[in-house]
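Inspection log for the structure reproduced underneath, given as structure tokens.
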Number of protein chains: 2
Amino acid sequence: MHMATTAPDTGTHAPPLRERIAEAAAKVYGEFGFRGATTRRIAEEAGVNEVTLFRTFGSKAALIVEVLERQVGAGLRVELPETPRHPGRELLHWARSYHGHVRERRGLIMQSMGEIGEHPEVLSPMCKARDREFVVLCAYLDRLRDAGHATRPYDTVTVAAMLSGTLFSDAVGRELFPGTYPADPAQAVVAYVELTLRALGVADPVPSAEHAGAPCSATPSSIGPS
Amino acid sequence: MHMATTAPDTGTHAPPLRERIAEAAAKVYGEFGFRGATTRRIAEEAGVNEVTLFRTFGSKAALIVEVLERQVGAGLRVELPETPRHPGRELLHWARSYHGHVRERRGLIMQSMGEIGEHPEVLSPMCKARDREFVVLCAYLDRLRDAGHATRPYDTVTVAAMLSGTLFSDAVGRELFPGTYPADPAQAVVAYVELTLRALGVADPVPSAEHAGAPCSATPSSIGPS
DNA sequence: AAATCGTGCAAGCATATACTTGCATGCACA
DNA sequence: TGTGCATGCAAGTATATGCTTGCACGATTT
């Protein structure tokens with residue numbers, strides 16, 4: 001057993017070798033999956049000898065598990081306010097965070113989803129992360145209705161599944177299937193939130209100031225026809 | 001070169017050996033991906049000797065390519081009417097087909113998405129299939145607006161991305177992340193369509209008769225609060 | 001100066017995998 | 001009866017992969 005599990009940290013700001021390997025592994029795994037992420041490839045990507053990889057993590061499986069727990073377990077931790085004041089602005093903030101979070105990890109997420117059947121131990125952190133975001137959104141949607149912002153009835157689980165599913169699909173599929181998503185991702189997220197709030201019957205969904213940051217056209221609402 | 005590319009069909013109703021192998025390959029690929037779908041596993045699943053696999057398809061890559069083209073290329077081919085009459089009913093029909101189509105192939109689809117980077121030749125049929133469904137939906141949404149069914153402006157691409165993204169995410173993620181989707185899938189699809197039409201400002205979205213087939217609660221609308 | 005430690009390098013081992021070859025077997029059809 | 005033909009079976013080849021071992025080199029510590 002290699003007892004160098006704790007970070008070496010030889011000195012004040014030691015070269016984070018463990019970090020470098022983990023980052024390289026995350027990148028390679030996101031591109032090739034578990035089977036495709038060979039120890040040789042990871043070592044090369046990290047600029048490290050293959051043996052060092054085994055000496056540092058013990059085995060390839062241990063490496064990947066640590067990487068996935070680190071990446072997936074690190075949820076976005078975006079809170080939605082306890083008392084909704086500006087539903088459009090607040091939901092948009094959450095949607096942007098969620099969309100960006102998934103988009104940055106889309107390779108890793110796709111590989112993990114395909115390999116859950118073979119490596120079920122990965123499912124638990126992913127499930128927990130997903131659940132966490134989901135209940136946050138659901139609870140906010142409940143509060144939104146209780147506060148009287150919505151003029152139409154709705155099932156929070158369905159609405160939450162719809163919004164998060166839309167954002168997930170966009171974040172993951174936009175690079176794979178160009179042309180089947182709105183051209184500008186930032187503007188797309190705004191439009192998704194606006195459409196969602198429309199369905200709930202929330203007035204003045206997204207303040208026009210929030211449209212900034214995207215090469216916005218002259219159209220007042222980003223969901224208007226082109 | 002094995003010139004037995006055309007089906008042997010020795011006799012009237014020959015045992016479809018090529019089919020059996022292809023089906024087994026599709027199943028194994030959907031579970032383990034390209035690397036994980038070893039020729040041994042596929043042969044065992046098909047109840048066939050491993051050599052027969054090579055004699056029939058030439059190589060593993062050729063086998064998988066044929067399987068994927070067959071599965072993904074076979075789109076659902078559900079038409080949306082030229083002149084919308086009952087938007088709820090018509091969209092629901094499309095949504096059910098799309099949801100079922102993706103759900104039946106979710107393993108294969110997830111594996112393919114993760115491996116597009118390595119096997120780009122697979123991307124083209126997937127892209128074409130996806131595009132086909134997407135433009136069908138977009139065109140229908142355009143017709144819906146032009147026919148005056150919708151009372152609110154919208155960008156068809158955004159709405160199409162939202163509805164198809166929601167259905168895709170539900171079909172793929174419902175087994176992986178239980179609890180983050182409405183319990184009954186059939187009812188969920190109805191609710192997604194209703195919410196979408198709400199956002200477009202279409203009145204009387206889904207005729208209540210269409211709610212049949214799902215263990216429907218006493219709620220008149222399936223998107224009402226539980 | 002000596003010892004320790006982290007790392008690189010070269011080589012190797014055991015296994016798995018895609019794929020091939022040669023031969024035997026059984027079935028259809030003449 | 002005999003002749004193809006499709007398939008199974010056993011064995012083998014070349015390569016890739018996870019992982020190990022032994023040794024050398026340099027920096028840090030004692």
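FYI, side chains are in, hydrogens and waters are out, and symmetry mates aren't considered; it's all heavy atoms of this structure. Below, chains carry the letters A, B, ... as their sequence lines are ordered, and counting in each starts from 1.
- In this model, a donor atom of one side chain and an acceptor atom of the other lie less than 3.5 Å apart for B/Tyr181 and B/Ser169.
- Look at A/Asn49 and you won't find any side-chain N or O under 4.0 angstrom from OP1 or OP2 of C/dT7.
- For the pair A/Arg40 and A/Glu45, the salt-bridge criterion is not met [side-chain N within less than 4.0 Å of a carboxylate O].
- With hydrogens and angles ignored, a donor-acceptor pair under 3.5 angstrom links the side chain of A/Arg55 to the base of C/dG8.
- As rounded to whole Å, 16 Å separates atom P of C/dT7 from atom CZ of A/Phe54.
- The CZ-P distance, from A/Phe34 to D/dT17, rounds to 13 Å in whole Å.
- With rounding to whole Å, B/Arg35 atom CZ is found 12 Å from C/dT17 atom C1'.
- The interatomic distance linking A/Leu17 (CG) with D/dA27 (P) rounds to 17 Å, in whole Å.
- Put simply, CD on A/Glu50 is 11 Å from C1' on D/dT20, counting in whole angstrom units.
- For the pair A/Ile21 CD1 and C/dG8 P, the computed distance is 8 Å after rounding to whole Å.
- Here B/Glu31 does not pair with B/Arg41 in a salt bridge; the nearest charged N to carboxylate O distance is not below 4.0 Å.
- With the nearest nucleotide of DNA chain C identified for both A/Thr52 and B/Arg41, A/Thr52 has the one nearer the 5' end.
- Here C/dC9 presents its C1' atom at 16 Å from CD of A/Glu44, a figure rounded to the nearest Å.
- Separating the CZ atom of B/Phe32 from the P atom of C/dA16 is a distance of 15 Å, rounded to the nearest angstrom.
- Between B/Arg35 and B/Glu118, at least one side-chain N (NZ, or NE/NH1/NH2) sits under 4.0 Å from a carboxylate O, which counts as a salt bridge.
- In this model, the phosphate group of C/dA18 is approached by a side-chain N or O of B/Thr39 to a distance below 4.0 Å at OP1 or OP2.
- When each of B/Arg40 and B/Val48 is assigned the nucleotide of DNA chain D with its nearest heavy atom, B/Val48 is the one assigned upstream, toward the 5' end.
- A/Phe34 carries A/Lys60 over the face of its six-membered ring, with the cationic atom under 6.0 Å from the centre and within 45° of the normal.
- Within 4.0 Å (heavy atoms only), A/Val51 reaches at least one base atom of the nucleic acid.
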